[in-house]
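Nothing here was measured: the structure is a model prediction, and the numbers come from that model. Because only heavy atoms are used, hydrogens play no part in the values below, and waters and symmetry mates are left out as well, while side chains stay in.
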Amino acid sequence: MPSVDDVLEQVGEFGRFQKQAFLLLCLISVSLAPVYVGIVFLAFTPDHRCRSPGVAELSQRCGWSPAEELNYTVPGLGSAHGASFLSQCMQYEVDWNQSTLGCVDPLSSLAANRSHLPLSPCRHGWVYDTPGSSIVTEFNLVCGDAWKVDLFQSCVNLGFFLGSLAVGYIADRFGRKLCLLATTLVTSLSGVLTAVAPDYISMLLFRLLQGMVSKGSWVSGYTLITEFVGSGYRRTTAILYQTAFTVGLVGLPGVAYAIPYWRWLQLAVSLPTFFFLLYYWCVPESPRWLLSQKRTTQAVRVMEQIAQKNRKVPPADLKMLCVKEEASSEKQTPSFADLFRTPSMRKHTFILMYMWFSCAVVYQGLILHVGATGGNLYLDFFYSSLMEFPAAFIILVTIDRIGRIYPMATSNLVAGAACLIMIFIPHELHWLNVTLACLGRMGATIVLQMICLVNAELYPTFIRNLGMMVCSALCDLGGIFTPFMVFRLMEVWQPLPLILFGVLGLTAGAMAFLLPETKGVALPETIEEAENLRRRKSKAKENTIYLQVQTGKSPDI
């Protein structure tokens, strides 16, 4: 009886049908970028200062220039230490409406040295130096409330984590297509609701909901396209699907520059996703899933549709289509304890958990750090996003020639070293800081894409999905804490987050060398084979081992 892969060899492993489905599903990968890192533009923090009643009128009466107004009325501008906090979060306790104030150094009539004047926190809001708006400017998320920006991004990652626990079950129980359509609908609705949220709390709840379902939409598309193509094309297709996420990253700063108002920007990236609901008529259900549910007639119909689209003649024995089942997976029941049962498995699990966590922190941390410290927010984000394209090329070139471990370890070390070197680069050499950030971003991207493959290849078949879900969950946990690590540590000392990223990257690179190389090695079927992975010989074509699991990871996260 023929399997799906046997039939695809005859009707086309990557023909016209697969190419069309690939292009359509890649749009879902593109649309995830604004959800994952949209905070860079939705919640940018412009230069700001306390709003002081009477200052604008006095400035107009005296004919001050903007620079003179700041110099006369804002504390801390002339000092080197603490100037940012004083100028942005403190104000002089002065009644600017009193008539005794002169136009030349008005505070001199109140004190010989203005540093002796009492200060107080901002009481009447803030003035923001920006032509547009962001979540920060609308809800005044600065100074004492700046941590609420971190919480806004953490809610997305918390949603990714919670959603990953349920999406895998939904896709396996009710089908990839139904999961794709349902999560897409909720993603679109929650995105629009975020744009019209009347207050901060409701915006957080909608953002959390969007995180819970948007990752599920991405994973469903990822699973569908890799189950549509033949085994010889799965690796390349999977990497290119993740590269589509990079296309979304590259296009995001252009959209944000054209739409500098956060509510309209949120609508601009949310409304087009409603068109993905048309996939109900454009993308069929996975024949592999249909066979696993004993729905052979529907699976045969889909394969006939693929053959017709590819202009191929379906095999005569198509109605005998079946799914090849592994006996070992039927006899063994997966258990969380199996991940730690033997010494090698235990070591692999802890290393993979740490690598997922560290890479998520470095990858997202560099994006947020560049957004917070860059000279030109849009160009810096654009340049660093471009580095993900050569990352995908490096993976395609090295994965079969060199293997997995050395490129993954080297990329971790490069990312960590780039972060540490950035500490010693003067702020004036902005181009060099951006270059190093791009290099670190490329290294983190390579690791995120390769660790997915390595994770799947280190576990035996019956706990492969479980191993992927447990280890990759640390990626989402890392994303939850990253905003607080970046923005709160920067308040202590601006390069402090880079030290953390550097240490995480270097240690993860060193730990990667402790993992066995899986290039040319057949997938382990039992715990014994996984335990002795270093001594195993290749027993199957390498392209048959890729993407046999549905992962719970975020793209490039």
Problem - Backbone N/O of I399 and side chain of K519: donor-acceptor pair under 3.5 Å - result: no
Handout entry: T246 side chain to E388 backbone, donor-acceptor under 3.5 Å
Key = no
Problem - Side-chain donor or acceptor of N310 paired with backbone N/O of V11 under 3.5 Å - result: yes
Handout entry: Gap separating the CG atom of L32 from the NZ atom of K215, nearest 0.5 angstrom
Key = 9.5 Å
Problem - Side chain R288, main chain E227, donor-acceptor under 3.5 Å - result: yes
Handout entry: Polar side-chain atom of S134 near backbone of A43 as donor-acceptor pair, under 3.5 Å
Key = no
Exercise for the section: Please work out whether the ring planes of Y233 and F14 are parallel, tilted or perpendicular, with thresholds of 30° and 60°. Expected result: parallel
Problem - Non-neighbouring partners of L189 that pass side-chain contact (heavy atoms from CB on, under 4.5 Å), sequence neighbours left out - result: L185, F274
Handout entry: Residue that, paired with M485, satisfies side-chain contact (heavy atoms from CB on, under 4.5 Å) out of D150, L368, L500
Key = L500
Exercise for the section: Measure up the Y200 and F139 rings against each other and bin them: parallel (under 30°), tilted (30 to 60°), perpendicular (over 60°). Expected result: perpendicular
Handout entry: With K148 via salt bridge (Lys or Arg N to Asp or Glu O under 4.0 Å) - residues at least two apart
Key = D145
Problem - Nearest-0.5 Å distance that lies between atom OG1 in T445 and atom CZ in F245 - result: 9.0 Å
